[in-house]
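Here is the structure we will look at, set down as structure tokens.
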Amino acid sequence: MSTAENSIEILADDLQQQMLDLGARARAAASLLAKTPAEAKNKALLQAAAAMRVGEGDILAANATDMAAAEQRDLTAALLDRLLLTEDRIEAMAKGLETVAELADPVGDVIADWDRPNGLRITRVRVPLGVIGIIYESRPNVTADAGAICLKSGNAAILRGGSESVHSSRAIHACLLAGLAAAGLPESAIQLLPTTDRAAVGMMLTMPQYIDIIVPRGGRGLIERVQNESRVPVIAHLDGNCHVYVDASADLAMARDISLNAKLRGTGICGASETLLVDRHCAGSYLAPLVKDLLDAGCEVRGDEDTIATDDRVVPATEDDWGTEYLDSIIAVKVVDGVGEAISHIENYGSQHTESIIADDGGVAERFLNEVDSAIVLHNASTQFADGGEFGMGAEIGISTNRLHARGPVGVEQLTSFKYVVYGQGQVRP
């Protein structure tokens, strides 16, 4: 074996041992956190928020390093925006920590209780999941959100951020560690992988003895890799191919406001709409202004024949456009024959993330809300509300498109399970 090959093997062995040690520390921290009172967890979160405000300059400097490297890699404007931190965004992270601290502690909550004829009293009690591994890309604020809701729900966290945000994530993580120290909690409660080596991700996926749940948050490539390789249960955050359907009964002014907001308020978030569907019964008067609003705002529109006819700036849509999550100032637009075809289109091309109907007809709206099988469905509201903070959860670590355990925004309650506690007075089973 050559010296170079031997060096690589040693490095791989060192990384594996480092990951195992990290996992063992997380498991020990999880055992402690499951018994930690709410007051201590809340103190850690509040102190972390304070540290974030004091350390704003350090976070901005770290982010500037990441941004400079990202610009050299020619990342898209949307990806750069996801990576960027500003004073306002840091303040939003700090407020997010404080909001999570204000939430009711889910651990120990009695979900249900009942008495049996034999005198047994049965209770279903909320408990932490244990150790949560979170793998995410681009957005450094996920470091704060994920650490906060894992801590609040009594779970230890192992965080693996994207290589493009490594300096930003480390600066944010330092604030979380300061909060843990101030509350007398172990630093191993929230650990950030010390390496950007992709091999570490593979090791996380094969550590069921230490990690109870994996939560991937990123592009389709990451999600598919995690789902294919993981020996640990996965709460998947698949891509957000979200839709807005404008029904013939919709108020046009409302439809214009919502369509524009759903697409362009934040193009790089998973709740941004990627396809606009317009009812043929109102297309004659609604389609042109809806399309013009988007085009005038700088959004590229890729449309079907009806949409192309409304404006020379519209680009012909291809079959691939209906199933694409752009995460950019691009939207696909199609005319459909009423709510039935809108539902069918979403079923065929959507990712079961978030869909919205704009309609004044309550019956049409109820049909859409009942028949569209997505994690979040909205009536007369923007898809940009697909966010744990907007749902009153304080923060979330993704929008789960799973059907089991957690679906929709994954907040503190979604990072818990339950156990049955049974009280008796000496009963034996006959």
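These values consider heavy atoms only, across backbone and side chains, with no hydrogens, waters or symmetry-generated copies.
- Residues passing the side-chain hydrogen bond (donor to acceptor under 3.5 Å, both in side chains) test with T401, sequence neighbours excluded: none.
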Could you go through Q18 and Q16, starting from their C-alpha distance and side-chain angles, then the distance that decides it, and tell me whether this counts as side chain to side chain donor-acceptor pair (under 3.5 Å)? CA-CA 5 Å; Q18 190 175 29; Q16 184 173 27; over 6 Å; no
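- For T416, the side-chain hydrogen bond (donor to acceptor under 3.5 Å, both in side chains) criterion is met by R126, not counting sequence neighbours.
- When each of V244, I269, I376 is tested with T383 by the rule side-chain contact (heavy atoms from CB on, under 4.5 Å), just one qualifies, namely V244.
- Rounded to the nearest 0.5 angstrom, L22 CG and L15 CG are separated by 10.0 Å.
- Side-chain atoms of S168 and N63 include a donor-acceptor pair closer than 3.5 Å.
- When every heavy atom of P409 is checked against every heavy atom of G388, the shortest pair comes out as CB-CA, 3.9 Å.
- Side-chain atoms of K152 come within 3.5 Å of backbone atoms of A101 as a donor-acceptor pair (strictly under, hydrogens ignored).
- For L97 against A144, the heavy-atom pair with the smallest separation is CD2-O, 3.8 Å.
- In this model, a donor atom of one side chain and an acceptor atom of the other lie less than 3.5 Å apart for D321 and T318.
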Side chain to side chain donor-acceptor pair (under 3.5 Å) assessment of S374 paired with Q352: CA-CA 4 Å; S374 293; Q352 298 183 334; over 6 Å; no
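- Among residues two or more places apart in sequence or in another chain, the ring-ring contact (aromatic ring centres under 6.0 Å, His included) test is passed with F418 by Y420.
- In terms of the side-chain contact (heavy atoms from CB on, under 4.5 Å) criterion, residue partners of R231 (sequence neighbours excluded) are, by chain and number, T206, P208.
- Of the possible polar contacts, none joining the E274 side chain to the T324 backbone as a donor-acceptor pair under 3.5 Å is found.
- Closest approach of A386 to I399, counting heavy atoms only: O-CD1, 3.8 Å.
- Qualifying salt bridge (charged side-chain N to carboxylate O under 4.0 Å, His left out) partners for E229, counting only residues two or more places apart in sequence or in other chains: R225.
- Checked by atom type, the side-chain pair D66/S165 shows no donor-acceptor distance below 3.5 Å.
- Pairs passing the salt bridge (charged side-chain N to carboxylate O under 4.0 Å, His left out) check and including a residue from residues 24-34, sequence neighbours excluded, read R27-D212.
- Taking CD of Q47 as the reference point, atom CG of L177 lies at 13.5 Å (rounded to 0.5 Å).
- Nearest approach of L129 to L415, heavy atoms of both residues: CG-O, 3.3 Å.
- Between E371 and I343, the shortest heavy-atom contact is OE1-CD1, 3.6 Å.
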Show your working on side chain to side chain donor-acceptor pair (under 3.5 Å) between N261 and S382 and close with a plain yes or no. CA-CA 7 Å; N261 179 270; S382 171; 2.7 Å; yes
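- Within the structure, salt bridge (charged side-chain N to carboxylate O under 4.0 Å, His left out) pairs that include any residue of residues 169-182 do not occur (at least two apart or interchain).
- Under the side-chain contact (heavy atoms from CB on, under 4.5 Å) criterion, H345 pairs with H243, T275, L277, W322, K334, Y349, not counting sequence neighbours.
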Go through L83 and R139 one step at a time and tell me if the side-chain contact (heavy atoms from CB on, under 4.5 Å) criterion holds. CA-CA 5 Å; L83 178 60; R139 288 183 178 274; over 6 Å; no
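- A side-chain contact (heavy atoms from CB on, under 4.5 Å) with I235 holds for exactly one of L404, I213, I397, I134; it is I213.
- With respect to the salt-bridge test (charged N to carboxylate O, under 4.0 angstrom), the residues D81 and R89 qualify.
- Here the side chain of E137 pairs no donor or acceptor atom with the backbone of R217 at under 3.5 angstrom.
- Minimum interatomic distance between A381 and F385 (heavy atoms only, all atoms of both residues): CB-CD1, 4.3 Å.
- Counted by atom type alone, D88 and T86 present zero donor-acceptor pairs between their side chains at under 3.5 Å.
- In this structure, CG in L103 is found 9.0 Å from CD in E413, a value given to the nearest 0.5 Å.
- Considering only residues two or more places apart in sequence or on other chains, R198 meets the side-chain hydrogen bond (donor to acceptor under 3.5 Å, both in side chains) condition with none of them.
- T143 meets the side-chain hydrogen bond (donor to acceptor under 3.5 Å, both in side chains) test with Y136, S169; sequence neighbours excluded.
- How far CZ of R265 is from CD1 of I258: 14.0 Å, rounded to the nearest 0.5 Å.
- Within the model, atoms CD of E366 and CG of D361 stand 10.5 Å from one another, a figure rounded to the nearest 0.5 Å.
- Listed by chain and residue number, R220 satisfy the salt bridge (charged side-chain N to carboxylate O under 4.0 Å, His left out) test with E224 (two or more places apart in sequence, or in another chain).
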Test salt bridge (charged side-chain N to carboxylate O under 4.0 Å, His left out) applied to E300 and R302, step by step: CA-CA 7 Å; E300 178 181 326; R302 301 180 182 179; 2.7 Å; yes
Under 3.5 Å donor-acceptor pairs involving side-chain atoms of residues 54-61, not counting sequence neighbours:
none

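- Between the CG atom of L252 and the CG atom of D257 there is a distance of 9.5 Å, given to the nearest 0.5 Å.
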